[in-house]
Number of protein chains: 2
Amino acid sequence: MDTDLPQTYASGCPSRTVVDVLANKWVLYVLSVLNSSARPLRFTELRRHIEGVTQKSLTQALRNLERDGLISRTVYPTIPPRVEYARTDLGADIGRLTAEIADWSRSNARRILAARATYDAPESA
Amino acid sequence: MDTDLPQTYASGCPSRTVVDVLANKWVLYVLSVLNSSARPLRFTELRRHIEGVTQKSLTQALRNLERDGLISRTVYPTIPPRVEYARTDLGADIGRLTAEIADWSRSNARRILAARATYDAPESA
DNA sequence: CTGAATCCCTTTTGATACTG
DNA sequence: CAGTATCAAAAGGGATTCAG
């Protein structure tokens, strides 16, 4: 692409606030899970698919994504309450990318953990 | 892909530790900048291309990436010292993805900020 | 120039309890 | 079920100082 002109990320650029939202592991997982789901998912379903996330962190991730128009939140006023989350058209685009990152992490975890072990090893030498 | 089987991210999965490293805005920017650069970059050059990052945060991001084998760090024992960072083959793969995320964020910042404004607006009503 | 080390404050996170 | 509220613990970030 460039021959010698790396990209510069300006601090005032609005897109930085978007990256700020995306640069969060729970947000990445939510987008990735919804990306691989053919139907909307309920809060508890999402939580089951993202092991280790607390209710609080998941709620916050969902709020941020809803605020940015990347996912939709639908409340069914039943008892007990039923809330469904789905990706929007906008969220589907970025969801594909985050899913690719999650896939890549799975595919290359072995190599990365090996590099990590090598890096950490000399400390005990 | 799936008809009704969303992906599950298990808490014990090693790939989770990889995502933990990637889910950081400075890490995303470093990978993206190196992805768009044809040559290795020095510490100060990187810092110039990622406005707002402090020395401490940049150093930490670079260490994490080096540890995971995603970037290489080369020290030239000159005076003053010269240190160059470059993407590894492994880092190039993920760098393309992070660059896509940064690009997407720029391209869609307008729409996202609009959604954000709409979401925040009712609070003053 | 490229950091490491420190202090200090803010933010995030986890755990727990409670509500419609 | 799907949250909110709260408190304590942990992590993150900025500013500064020092060093090879």
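Letters A, B, ... are given to chains in the order of the sequence lines, protein chains preceding strands, and every chain is numbered from 1.
In this structure, CZ of A:Arg42 is placed 7 Å from P of D:dC1, rounded to the nearest angstrom. Going from atom CD1 of B:Ile50 over to atom C1' of D:dG13 covers 16 Å, rounded to whole Å. Taking atom CG of residue B:Leu58 and atom P of nucleotide D:dG12, one finds them 16 Å apart after rounding to whole Å. Atom CD of A:Glu84 is separated from atom P of D:dA2 by 9 Å (rounded to the nearest Å).
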note = Quick tally for nucleotides 3-16 of chain C: nucleotides whose base has a protein heavy atom under 4.0 Å get B, sugar-phosphate-only ones S, the rest -, giving BB-BB-----BBB-
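Side-chain atoms of B:Leu70 and B:Leu22, non-hydrogen and from C-beta on, do get closer than 4.5 Å to each other.
The list of salt bridge (charged side-chain N to carboxylate O under 4.0 Å, His left out) pairs with a residue in residues 110-119 of chain A, not counting sequence neighbours, reads A:Arg116-B:Asp68. Among pairs with a residue in residues 19-52 of chain B, those fulfilling ring pair (Phe, Tyr, Trp, His ring centres under 6.0 Å) read A:Tyr9-B:Tyr29, at least two apart in sequence or across chains. The salt bridge (charged side-chain N to carboxylate O under 4.0 Å, His left out) analysis of residues 82-96 of chain B, with sequence neighbours excluded, yields the pairs B:Arg82-B:Glu84, B:Asp93-B:Arg96.
Checked against side-chain hydrogen bond (donor to acceptor under 3.5 Å, both in side chains), A:Thr88 has no partners two or more places apart in sequence or in another chain. B:Ser105 pairs by the side-chain hydrogen bond (donor to acceptor under 3.5 Å, both in side chains) definition with nothing, not counting sequence neighbours.
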